[in-house]
Amino acid sequence: MALDDLKSAVPDYAKDLKLNLGSVIGNSDLPQQRLWGTVLACAIASRSAKVLRELEPEAKANLSPEAYTAAKSAAAIMGMNNVFYRTRHLLSDPEYGNLRAGLRMNVIGNPGVDKVDFELWSLAVSAINGCGMCLDSHEQVLRKAGVERETIQEAVKIAAVLQAVGATLDAEAALAE
């Protein structure tokens, strides 16, 4: 199992990450599509080739082709949106918020899967990319759709653990060179 391989790659000094990796993915209460879509989108957003290579095959096996593509789409579109909207929020000149974005975001309106799943994946990627505006926006949509805070937090925990595991493994690889 790829999750076990990934856990075994985590160094002893990061034992908490290894344990958390097992619990946030291995013991998740999320339905399979939500879980593995979140895992895939976050693995991509982590920018860690090792994390993505280890988890992608299992994600692909647990997702329909449409969900697989939608999870990748969530990572892609949030990669753009998180930079754009985080910058708008951080600039002290509020007039930037009044300018037209002029960026295509069609996939958000028609992701090819349940809108709630796509929103959850987008929120998790936004957590990795640190865009408060996007986090608030996706959280509000999810809450309006009846998604519980515990579900949202579970997606954020997956994002946090995968980001930390990716950074740790990439650091170890760089130090080994």
Side-chain angles (χ1 to χ4, degrees), residues 1-11 14 16-83 105-131 134-135 138-139 141-142 145 147-148 150-173:
M1 178 185 206
L3 182 57
D4 290 333
D5 292 340
L6 190 58
K7 284 177 10 184
S8 69
V10 175
D16 290 327
L17 297 182
K18 187 182 299 198
L19 295 170
N20 288 331
L21 189 57
S23 67
V24 300
I25 297 174
N27 298 326
S28 176
D29 290 331
L30 292 176
Q32 288 299 296
Q33 179 165 298
R34 284 193 183 162
L35 170 63
W36 287 103
T38 302
V39 168
L40 179 58
C42 290
I44 293 168
S46 78
R47 296 175 183 82
S48 171
K50 173 82 171 162
V51 169
L52 183 57
R53 274 194 309 270
E54 292 296 332
L55 296 176
E56 183 275 342
E58 198 161 349
K60 193 170 194 173
N62 282 286
L63 292 169
S64 67
E66 296 80 13
Y68 178 81
T69 298
K72 289 175 31 176
S73 296
I77 198 70
M78 289 300 107
M80 176 186 72
N81 284 359
N82 294 157
V83 170
M105 304 174 214
N106 295 329
V107 72
I108 294 172
N110 187 17
V113 294
D114 185 287
K115 181 92 166 128
V116 169
D117 291 347
F118 191 82
E119 288 288 334
L120 190 69
W121 304 338
S122 297
L123 177 130
V125 170
S126 297
I128 290 173
N129 292 333
C131 181
C134 294
L135 282 167
H138 295 293
E139 190 268 349
V141 170
L142 288 165
V147 176
E148 299 292 328
E150 292 80 6
T151 299
I152 293 167
Q153 180 169 291
E154 196 163 342
V156 172
K157 289 185 338 186
I158 292 167
V161 171
L162 290 183
Q163 175 65 19
V165 167
T168 301
L169 295 178
D170 289 354
E172 286 299 311

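In this chain, numbering begins with 1 at the start of the sequence shown. The shown structure was predicted, so the numbers you read here are calculated from the model rather than taken from an experiment.
For the atom pair T168 OG1 and L17 CG, the distance stands at 5.0 Å (nearest 0.5 Å). Note that OG of S73 is 10.5 Å distant from CE of M78, once rounded to the nearest 0.5 Å. Separating the CG atom in N62 from the CD atom in Q32 is a distance of 5.0 Å, to the nearest 0.5 Å. Summarising the geometry, atom NZ belonging to K60 is positioned 8.5 Å from atom OG1 belonging to T69; distances are rounded to the nearest 0.5 Å. For the atom pair CD1 of I77 and NZ of K72, the computed distance is 15.0 Å after rounding to the nearest 0.5 Å. In this structure, L135 CG and I152 CD1 are separated by 10.5 Å, a value rounded to the nearest 0.5 Å.
Smallest separation of non-hydrogen atoms from N129 and A45: OD1-O, 4.5 Å. Nearest heavy atoms, A127 versus A159: CB-CB, 4.4 Å. In terms of heavy atoms, Q163 sits closest to I128 at OE1-CG2, 3.3 Å. Taking each heavy atom of V39 and L162 in turn, the nearest pair found is O-CD1, 3.7 Å. When all heavy atoms of I108 and P111 are compared, the closest pair comes out as O-CD, 3.7 Å. The shortest non-hydrogen separation linking W121 to A74 is CB-CB, 3.9 Å.
Looking only at distances, a side-chain donor or acceptor of S8 sits under 3.5 Å from a matching main-chain atom of D5.
Looking at D16, N20, I25 one by one, the single match for side chain to side chain contact (heavy atoms under 4.5 Å, CB included) with V161 turns out to be N20.
Proximity of V116 to R34: side-chain heavy atoms (C-beta onward) are separated by under 4.5 Å at one or more points. Between C131 and N81 the shortest side-chain heavy-atom distance does not fall below 4.5 Å. Residues I44 and E56 are not in side-chain contact: their nearest non-hydrogen atoms beyond the backbone lie 4.5 Å or more apart. Looking at T38 and D117, their side chains never come closer than 4.5 Å, going by heavy atoms from C-beta outward. Between N110 and N106, every side-chain heavy-atom pair lies at or beyond the 4.5 Å cut-off.
Applying the side-chain hydrogen bond (donor to acceptor under 3.5 Å, both in side chains) rule to S28 yields the partners E154; only residues at least two apart in sequence or on another chain are considered.
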> What do the steps show when you test I158 against L35 for side-chain contact (heavy atoms from CB on, under 4.5 Å), and what is the final call?
Replying inline: CA-CA 9 Å; I158 292 167; L35 170 63; 3.8 Å; yes
> Stepwise, does the side-chain contact (heavy atoms from CB on, under 4.5 Å) test hold for K50 with L6?
Replying inline: CA-CA 8 Å; K50 173 82 171 162; L6 190 58; 4.3 Å; yes
